[in-house]
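Note that this is a predicted model, so its numbers are computed, not measured. Scope of the values below: all heavy atoms of this structure, side chains included, with no hydrogens, waters or symmetry mates.
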Amino acid sequence: MLERFSEDLFGRMDEVLAGTRPAVKIAEVARVLNVGNGIAELAGFTDLRADELVTFTSGEMGIASNLGEERTGVIVLGDASRIRPGEKVRRTRRVVDVPVGDAMVGRVVDALGRPIDERGPIRADQRMPIERPAAPIIHRAPVDQPLPTGIKAIDAAIPIGRGQRELILGDRQTGKTAIGVDAILNQRDTGVLSIYCAIGQRASAVARVVQSLMDGGALDRSIVVVAGGEDAPGLQFIAPYAATTMAEAFMAAGRDVLIVYDDLTRHARAYRELSLLLRRPPGREAYPGDIFYIHSRLLERSTRLKDEYGGGSLTALPVIETQAQNISAYIPTNLISITDGQVYLSPELFEKGHLPAIDIGASVSRVGGKAQLPAYRAVAGDLRLSYSQFEELESFARFGTQLDEDTRARLTRGRRVRAVLMQAEREHLGVAEQIAGLLAATEGLFDEIPVDRIRQAEQAARKAAQRHCPEICARIERGGDLEEADREALVTEMDTALVAFRPARQDEDGDGDA
């Protein structure tokens with residue numbers, strides 16, 4: 001009986017072994033020499049590629065950055081404190097990629113596309129590398145469609161078009177993030193998808209932005225990519241590239257995307273930290289020599305494609321921080337030369353309560369004017385020039401010199417225009433509403449109204465225009481021209497609505513004349 005049992009047991013084992021084909025798996029393995037501050041040095045790889053993804057035994061990942069004959073410098077994408085010297089490292093033979101597609105919309109993710117919003121895993125059907133070449137010039141279409149922000153000062157004087165790269169710069173606490181968030185919130189009826197990329201921000205600041213998007217109903221059509229200040233510098237470095245890849249997937253599918261990089265100053269600092277730790281030669285202000293290239297290759301991916309190549313667009317609003325209003329500093333100058341214009345926020349205007357604190361004279365949009373709706377050009381065509389002249393006159397008038405009648409009239413009109421351009425945060429206005437307020441200001445309907453009542457007067461003028469001239473407002477919203485008859489009709493209705501805001505006039509006998 002024992003013999004029969006042995007025959008059955010070994011017979012079955014022989015059958016299993018006969019059907020088993022051993023597979024040989026070859027893997028290149030290196031070991032960690034030292035690690036610290038987000039950088040690990042490895043030894044053992046002989047055929048590693050630049051920017052290739054490697055995995056540590058501890059579960060962390062890294063990007064091969066410095067390739068040497070004996071040592072390899074790796075940027076750790078995670079917690080470097082979990083990695084120990086002597087730990088094994090394996091190649092993946094692929095570069096860093098992130099999930100893309102509709103499954104990402106409405107989610108808050110990290111720089112590797114992993115969810116951090118506690119809403120479960122992301123089941124994306126496609127992944128794309130974060131480093132991709134920009135679209136060739138032959139594939140690009142002109143910027144001729146507007147991207148409304150809902151902010152009067154921008155839409156009228158510094159217009160932005162779909163596919164444009166418009167820099168937002170200014171000192172700390174001047175409202176840069178608010179401009180970007182308001183632009184995202186204003187896309188509720190435009191069909192534009194939005195991506196907010198937070199780089200090096202505090203967790204509390206990112207939470208406030210996410211809450212604002214939720215309150216404004218914008219999170220369902222947005223993606224939030226977060227690489228916070230407490231995250232590894234490697235994650236902060238790859239975050240904008242990952243966000244751009246997510247946007248490019250939609251652009252290739254023919255959709256319009258708006259992306260806000262908040263902010264690239266912290267991105268440059270993270271790259272400087274990594275470069276110094278990798279012992280690359282420092283340049284001006286200790287930044288590496290390719291600091292210009294890393295930003296240019298990022299922003300160059302923003303464009304508008306021709307219809308035969310997808311027809312979508314990617315509009316970029318990079319944010320940069322200046323020090324003591326120094327616009328000509330190294331990093332701001334780099335970004336200004338890469339982008340198609342800039343919106344400059346002045347701390348002096350912010351302190352005076354002129355919000356948004358946009359310095360129209362120092363701001364410019366180099367290509368957005370071609371995408372601006374005709375009604376804006378008819379109403380605010382010379383707004384930037386006249387407003388800049390007003391600011392110079394106002395500075396001159398502070399010296400107490402005697403002013404002629406024409407100069408006093410310009411100052412009066414300029415102060416009213418400035419009051420009209422003031423706008424509360426999260427207050428988004430449609431095209432027709434903006435046109436009505438600007439038309440009333442440029443036509444002098446507010447000249448006799450006290451400055452402290454301009455806000456209420458403007459609201460009354462906008463309501464009168466929409467109530468009595470709905471056909472004209474609808475045509476303006478559709479992008480139609482503002483004819484002379486339309487202008488006269490709007491001015492007449494708004495002037496009637498503003499009678500109650502003008503102070504009573506005194507006739508020659510001293511009687512009140514309304």
Side-chain angles (χ1 to χ4, degrees), residues 38 77-79 98-99 103-122 124 130 149-151 168-188 192-247 257-270 273 316-321 345 350 355-357 423-428:
L77 302 177
D79 187 2
V98 291
M104 305 296 294
V105 179
R107 302 303 300 269
V108 181
V109 299
D110 67 3
L112 293 173
R114 299 173 298 195
I116 56 177
D117 53 4
E118 299 180 353
R119 292 176 54 191
I122 296 176
I130 65 170
T149 64
I151 302 172
I168 303 174
L169 78 161
D171 287 6
R172 293 188 61 187
Q173 302 297 323
T174 52
K176 301 185 295 298
T177 299
I179 295 289
V181 173
D182 276 341
I184 292 176
L185 293 173
N186 195 60
Q187 307 310 314
R188 58 185 177 273
V192 176
L193 288 171
S194 303
I195 299 179
Y196 177 79
C197 180
I199 310 166
Q201 302 286 343
R202 297 189 307 273
S204 58
V206 177
R208 284 195 297 270
V209 171
V210 173
Q211 188 62 46
S212 297
L213 296 179
M214 292 179 62
D215 295 342
L219 190 59
D220 293 338
R221 50 179 171 78
S222 305
I223 304 173
V224 179
V225 181
V226 181
E230 67 280 0
D231 290 331
L235 290 174
Q236 297 180 40
F237 172 64
I238 69 171
Y241 298 99
T244 304
T245 292
M246 297 175 192
V257 187
L258 168 65
I259 185 167
V260 177
Y261 303 106
D262 190 13
D263 65 39
L264 292 187
T265 302
R266 291 179 171 87
H267 181 251
R269 290 170 184 166
E273 178 182 348
L317 297 180
V319 177
I320 206 76
E321 182 182 301
L345 300 175
F350 188 86
L355 302 178
Q423 190 171 343
E425 190 174 348
R426 311 290 185 263
E427 180 188 3
H428 308 110

Report the distance from atom [atom1] of [X] to atom [atom2] of [Y], rounding to the nearest 0.5 Å.
{"X": "T149", "Y": "H428", "atom1": "OG1", "atom2": "NE2", "answer": "8.5 Å"}
{"X": "I238", "Y": "L77", "atom1": "CD1", "atom2": "CG", "answer": "4.5 Å"}
{"X": "Y261", "Y": "I195", "atom1": "OH", "atom2": "CD1", "answer": "8.0 Å"}
{"X": "I151", "Y": "I179", "atom1": "CD1", "atom2": "CD1", "answer": "4.0 Å"}
{"X": "L258", "Y": "L317", "atom1": "CG", "atom2": "CG", "answer": "5.0 Å"}
{"X": "Y241", "Y": "H267", "atom1": "OH", "atom2": "NE2", "answer": "4.5 Å"}

Could you point out which residue of D182, V209, V260, D263 forms a side-chain contact (heavy atoms from CB on, under 4.5 Å) with T177?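 Of the listed residues D182, V209, V260, D263, the side-chain contact (heavy atoms from CB on, under 4.5 Å) partner of T177 is V209.
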Check each of V224, L219, V226 against Y196 using the side-chain contact (heavy atoms from CB on, under 4.5 Å) test, and report the only one that passes.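 Testing Y196 for a side-chain contact (heavy atoms from CB on, under 4.5 Å) against V224, L219, V226 leaves exactly one candidate, V224.
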Can you find a pair of side-chain heavy atoms, one from Q201 and one from R266, that are under 4.5 Å apart?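 Counting from C-beta outward, Q201 and R266 do come under 4.5 Å.
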Considering residues, nucleotides and ligands other than Q173, do more than 12 of their heavy atoms fall under 6.0 Å from its CD?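 Incorrect, the count does not exceed 12.
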Would you find more than 12 non-hydrogen atoms of other residues, nucleotides or ligands less than 6.0 Å from R202 atom CZ?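 Incorrect, the count does not exceed 12.
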From CA spacing to verdict: side chain to side chain contact (heavy atoms under 4.5 Å, CB included), R119, V108: CA-CA 9 Å; R119 292 176 54 191; V108 181; over 6 Å; no
Spell out, as yes or no, whether a donor-acceptor pair under 3.5 Å connects the side chain of Q423 to the backbone of P356.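 The answer is no, because no donor-acceptor pair under 3.5 Å joins these two groups.
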Are any side-chain N or O atoms of D215 and backbone N or O atoms of S212, one a donor and one an acceptor, separated by less than 3.5 Å?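 Side chain of D215 to backbone of S212: no pair is present.
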